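The next block holds one structure in the form of structure tokens; read it before the comments.
To find a chain, count down the sequence lines: A is the first, B the second, and so on, and within it residues start at 1. Quantities reported herein were computed from a predicted structural model and do not represent experimental measurements.
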Amino acid sequence: MAESLEHSWQLDPKDAVELQRELRTRIRLQPLDKPIRFIGGADISFNLYSDVFYAGIVVLDYATLEVVETAFHTETVTFPYIPGLLSFREIPTLLKAWAKLATKPDVTMVDGHGIAHPRRMGIATHFGLVTDSPTLGCAKKVLTGRIAPVGKEAGSVSPIMDKEELLGYALRSRLRSNPVYISPGHLLDPESALAIARHCLRGYKLPEPTRRAHEVVNEFRRRETAESSDEDNPTG
DNA sequence: GCGACAG
DNA sequence: ATCTTGTCGC
């Protein structure tokens, strides 16, 4: 029986890396054990130079890709942005939004990488481990791995490889857009992650879960930012 | 030693 | 990650 992993998020970068090496042994890459009815999209937004984070999670009906639920949370973060340690900066806030969801999605797409990470512990993987739920990562830039050029046609893919290990796929999600990088997070395998990402394409560069999460969390941040501004500068 | 480096 | 309108190209 799988267990959800509990651990501190207040770590020094060195300890965070050590924890990643331990958590790595818990990753399970496998097909889903049940059909997908709901898919989640998770994203973080913040004002430039600010450490006030806004987390948003959307739940979409997998068949129609319509948003059926949203949850948000905002708080101040302290962990710095360090490539390879993104999860320690963003996951705590995401978890508090996750806790507010009435419907936990069957699989969640996280903005960033899954196992396409130097220690296989990208934010999507880490999020899947701590929530004990299937996840995949959708990133806009490469972090690690070798990738042969992706075909120009929409739908073209090229594997993300580290030596002989398949980490995920670069996917040309639409014509004339740079590829997105899809990798399994936890409780999913590379092929399933790719199939899910493709299912979620609707003519935009980003798959719907990530695209909609980014959209609603930005609306949330701008709304909240405007409110606190009003309190300091009442207009009427 | 040098270059790369998710959000 | 975020700020931003128009503009060039397919």
Please table the atom pairs, donor to acceptor, closer than 3.5 Å between any side-chain atom in residues 80-93 of chain A and protein atoms at least two apart or in another chain.
from: A:Ser87; atom 1: OG; to: A:His126; atom 2: ND1; distance (Å): 2.8
from: A:Arg89; atom 1: NH1; to: A:Phe79; atom 2: O; distance (Å): 2.7
from: A:Thr93; atom 1: OG1; to: A:Glu75; atom 2: OE2; distance (Å): 2.9

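Under the 4.0 Å criterion applied to side-chain N and carboxylate O atoms, A:Lys140 and A:Asp111 are assigned as salt-bridge partners. Taking a cutoff of 4.0 Å between a charged side-chain nitrogen and a carboxylate oxygen, A:Asp61 and A:Arg37 do not qualify as a salt bridge. Using a cutoff of 4.0 Å between basic side-chain nitrogens and carboxylate oxygens, A:Arg221 and A:Glu224 are not scored as salt-bridged.
In DNA chain B, no run of at least 3 consecutive Watson-Crick or G-U pairs with both distances below 3.5 Å is found. For DNA chain C, no stem formed by at least three consecutive Watson-Crick or G-U pairs, with both atom-pair distances below 3.5 Å, is detected.
The closest side-chain heavy-atom distance from A:Phe220 to A:Thr70 is not below 4.5 Å.
For the residue pair A:Asn218 / A:Ser45, a side-chain donor-acceptor distance below 3.5 Å is found, with atom types taken as modelled. Under 3.5 Å, the side chains of A:Asp162 and A:Thr144 contain no donor-acceptor pair of N or O atoms.
For A:Thr74 (side chain) and A:Tyr54 (main-chain N/O), no donor-acceptor pair under 3.5 Å exists by modelled atom type. Between the A:His186 side chain and the A:Arg28 main chain, a donor and an acceptor come within less than 3.5 Å of each other. A:Glu69 contributes a side-chain N or O that, together with a main-chain N or O of A:Thr103, makes up a donor-acceptor pair within less than 3.5 Å. Side-chain atoms of A:Thr125 come within 3.5 Å of backbone N or O of A:Gly185 as a donor-acceptor pair.
For A:Glu219 and C:dT2, the CD to C1' distance is 16 Å, given to the nearest whole Å.
Contact between A:Gly168 and A:Leu166 at its shortest, heavy atoms only, is O-CD1, 3.5 Å.
Residues satisfying the side chain to side chain contact (heavy atoms under 4.5 Å, CB included) criterion with A:Val150, sequence neighbours excluded, are A:Ser156, A:Ser158, A:Ala170, A:Arg172, A:Pro179.
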remark   = Per-nt protein contacts along nucleotides 3-10 of chain C (heavy atom under 4.0 Å; B base, S backbone sugar-phosphate only, - none) come out as S------B
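Residue A:Ser45 places at least one side-chain N or O under 4.0 Å from the OP1 or OP2 atom of C:dT2.
Across all strands shown, A:His214 has heavy atoms under 4.0 Å from sugar-phosphate atoms exclusively, and none from any base.
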What does the list of N/O pairs under 3.5 Å between the protein and nucleotides 5-7 of chain B look like, with a distance for each?
from: B:dA6; atom 1: OP2; to: A:Tyr81; atom 2: OH; distance (Å): 2.5
from: B:dA6; atom 1: N7; to: A:Gly84; atom 2: N; distance (Å): 3.1
from: B:dA6; atom 1: N6; to: A:Gly84; atom 2: O; distance (Å): 3.2
from: B:dA6; atom 1: N6; to: A:Leu85; atom 2: N; distance (Å): 3.4
from: B:dA6; atom 1: N6; to: A:Leu86; atom 2: N; distance (Å): 3.2
from: B:dA6; atom 1: N1; to: A:Ile123; atom 2: N; distance (Å): 3.1
from: B:dA6; atom 1: N3; to: A:His113; atom 2: N; distance (Å): 3.2
from: B:dG7; atom 1: OP1; to: A:Lys140; atom 2: N; distance (Å): 2.8
from: B:dG7; atom 1: O3'; to: A:Asp111; atom 2: OD2; distance (Å): 3.1

